[in-house]
Amino acid sequence: MKKGLLLALGVTVSLGVSAQAPKISGVHKVDLNNSKATTVDGSSVNFFASANAAHRNANPTTVQTQGFKFTSSYNAFTLLVSNSHCITANQSLGAVMFTHRISQDWAADANVASGYCEYSWTTNFGVSWDSSYFADQTTLGNKRFRYPSGAIINPAGNTSVANAVNVATGPYTDGSGWKGYYANDQMMVNGASSNTIVTTNAPNGPNRLDFPRISMSGYADSSAWVTGGLYANGTATTALAQDYRGMAMMKAKWNGTSVNWIFDSIKPSFHQDAAGTNDCFTEAYTTFSDNGVNGYAVFFGVPAAATTSQTRTFSPIVYKTMNSGATWTLQAVNDFTTLPQITDHLIQATDGNFKPWFDQSQGADIAIDANNQLHILCTISSGSSDDNDSLGYAYTLTGQSGTTARHFIYDVHTTSTGWDAWLIDSLMTSTSTTNTIFVDGSNSGAAFATDARLQLSHTTDGSKMFYVWVDSDPTALGGENAIPDLFGKGVDVNTNMATARVQFTTSQDFYFHYISNIALVAGSTYKIGCTNSIDRSGGNDVATTFDHYWFEQVIFNDNQFTIPVVASVQEIGNGIGSFNTYPNPANDVVNVNIDLTNSASVTLSLVNELGQVVLTNNRMLNSGKNSVQLNTSNIAPGVYFLNITSNNSRATSKIVIQ
């Protein structure tokens with residue numbers, strides 16, 4: 001008989017916490033203004049005249065420190081928000097494009113205004129690059145363009161870059177504040193003529209649109225979508241005065257000769273605290289199927305319609321369209337405490353309930369899969385209170401066994417019958433504030449925080465999902481994410497098989513990365529465009545020129561998808577009639593009773609919380625009732641998931657080994 005007990009990870013029994021919960025030290029009010037992350041942006045004048053020579057690693061199979069430089073920007077402000085979709089790709093063109101502030105290196109860009117923006121693209125995965133730029137309006141009212149996001153509009157079937165269209169948008173400033181936004185379109189060729197519209201926000205207007213730069217993506221119906229925020233007064237200094245009201249949606253539609261910009265908005269009913277401030281993040285997302293027909297709009301906030309403690313928390317507020325955004329339908333409030341993949345890692349609130357708190361603090365992203373189902377990538381924290389004025393508070397994670405507590409990364413997604421969740425991985429470090437090497441010289445040298453920058457890439461057909469982030473050595477620098485390396489993982493949504501976690505770098509210097517929202521497919525290989533950036537001067541000042549590096553190693557292959565995905569809910573098909581396991585908790589043996597509708601080959605896989613298979617048993621079973629015994633005497637104590645697969649049928653059950 002195996003000795004020992006499953007130990008709680010550092011929390012007192014009085015909290016009533018599950019065995020897998022992290023350590024805590026009080027609560028904190030989460031910063032909800034991610035999409036409004038800005039820094040002082042003045043005249044932008046002191047920059048280096050030349051850059052280091054572009055370089056390329058001679059042996060691309062080795063881990064690269066940064067990659068090779070392909071362009072630069074006036075400063076790092078392009079990089080502030082990881083979900084701006086500054087890098088994108090198009091499968092038909094075989095192209096990857098990076099949209100950024102104007103480069104300091106190419107002759108064509110010399111001596112131009114700092115508010116100019118540039119499209120840089122490659123059609124051979126980084127071997128060579130081309131570019132074009134568009135001008136700001138410094139001579140027409142001092143309108144300086146900032147924070148560009150870009151997309152490729154490529155009509156279905158087109159394989160020529162010259163017939164594709166680049167579009168970009170972002171906010172503009174006159175040097176004294178944020179005044180409005182711009183939208184540009186031009187053909188995808190060097191030296192293309194530009195079409196740019198500039199809109200000035202009305203002061204204290206009822207539908208003020210700020211910072212359109214989130215989720216920008218192009219689709220095969222010759223459209224591109226991007227979201228911004230709707231504010232009553234976006235330049236106010238408090239959340240109450242800014243009065244965030246919801247999502248502004250901008251749709252760029254190419255008609256064969258020109259681009260029309262179409263505007264819409266969604267204003268959810270959020271729960272409000274006593275002061276009247278909406279309980280929500282001010283960053284919202286859109287995603288569409290490649291044909292541009294089916295789509296989702298997602299907010300992270302507390303639904304006004306939520307009535308239970310478990311649902312009165314920051315969770316996805318989802319709208320769905322099935323007609324290219326002509327109409328949007330609000331989806332029902334969901335109780336995510338029904339998913340053990342999530343609740344196994346939560347801390348009970350003061351009222352004794354679990355409150356899954358969907359968090360954007362480490363980055364977040366969304367995508368739509370081959371079955372038109374929505375996928376949400378984020379970390380999930382633990383809401384701390386059901387008090388009306390405390391729904392924006394979550395538990396603070398602290399040290400655990402000499403490291404920091406885990407932030408668990410999830411893909412939470414819709415299914416044909418509701419919602420499910422996959423535990424993708426975990427972060428062992430938190431956002432770096434005291435140990436970050438970056439400062440903001442335009443803001444009195446203030447520390448510039450760095451986080452995991454969670455991002456999601458997918459194939460055009462939605463059959464593969466790829467998750468990429470950075471994490472640091474948890475034993476160094478107080479557990480802060482200050483010396484990051486790049487990590488990733490993939491899932492095949494059709495086979496429910498995942499890759500192991502891949503560590504792409506070991507250099508501890510992978511800063512400000514972006515990945516393409518589209519993964520390019522070449523046979524059995526999936527290539528994901530990836531950039532990282534660093535201050536040219538070496539002073540790590542985000543207000544000075546930043547060089548952008550192309551990192552070509554974010555590549556997956558079909559033979560890597562070997563690990564069964566651990567789901568929260570049973571997905572029983574025609575083959576598996578019913579099943580049960582006992583005892584649970586178990587020690588040396590787990591008994592599995594399986595009722596099959598037909599004789600079939602059955603695979604039983606025991607998977608740990610990080611998706612790693614620790615035991616596999618293949619059996620040929622008969623129609624009707626079957627009994628299988630699994631030897632778990634050599635399995636370490638912990639929480640596991642038993643996956644049972646047979647033909648197109650699959651079922652999952654949680655098991656505790658003690």
* side-chain contact (heavy atoms from CB on, under 4.5 Å) evaluation trace for Y181 with V198 -> CA-CA 6 Å; Y181 55 94; V198 179; over 6 Å; no
* To do: Determine whether the aromatic ring centres of Y147 and W178 lie less than 6.0 Å apart.
  =>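 Centroid distance Y147-W178: below 6.0 Å, so yes.
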* To do: Tell me whether the centres of the aromatic rings in H375 and W422 are closer together than 6.0 Å.
  =>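 Yes.
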Mind telling me whether [Y] and [X] have parallel, tilted or perpendicular rings, with 30° and 60° as the class edges?
{"X": "F300", "Y": "F358", "answer": "perpendicular"}
{"X": "F546", "Y": "F512", "answer": "perpendicular"}
{"X": "F134", "Y": "Y182", "answer": "tilted"}
{"X": "W419", "Y": "F336", "answer": "perpendicular"}
{"X": "W357", "Y": "F281", "answer": "perpendicular"}

* Asked: Distance under 6.0 Å and angle within 45° of the ring axis: does R208 meet both against Y231?
  -> no
* Excluding sequence neighbours, so at least two apart, what forms side-chain contact (heavy atoms from CB on, under 4.5 Å) with A449? ->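 Expected list: T431, T433.
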* Kindly write out the residues that satisfy side-chain contact (heavy atoms from CB on, under 4.5 Å) with T531, not counting sequence neighbours, or none if the list is empty. => F70, I87, F98, Y514, W550
* To do: Can you measure from CZ (R453) to CG (N481) and round to the nearest 0.5 angstrom?
  => 11.0 Å
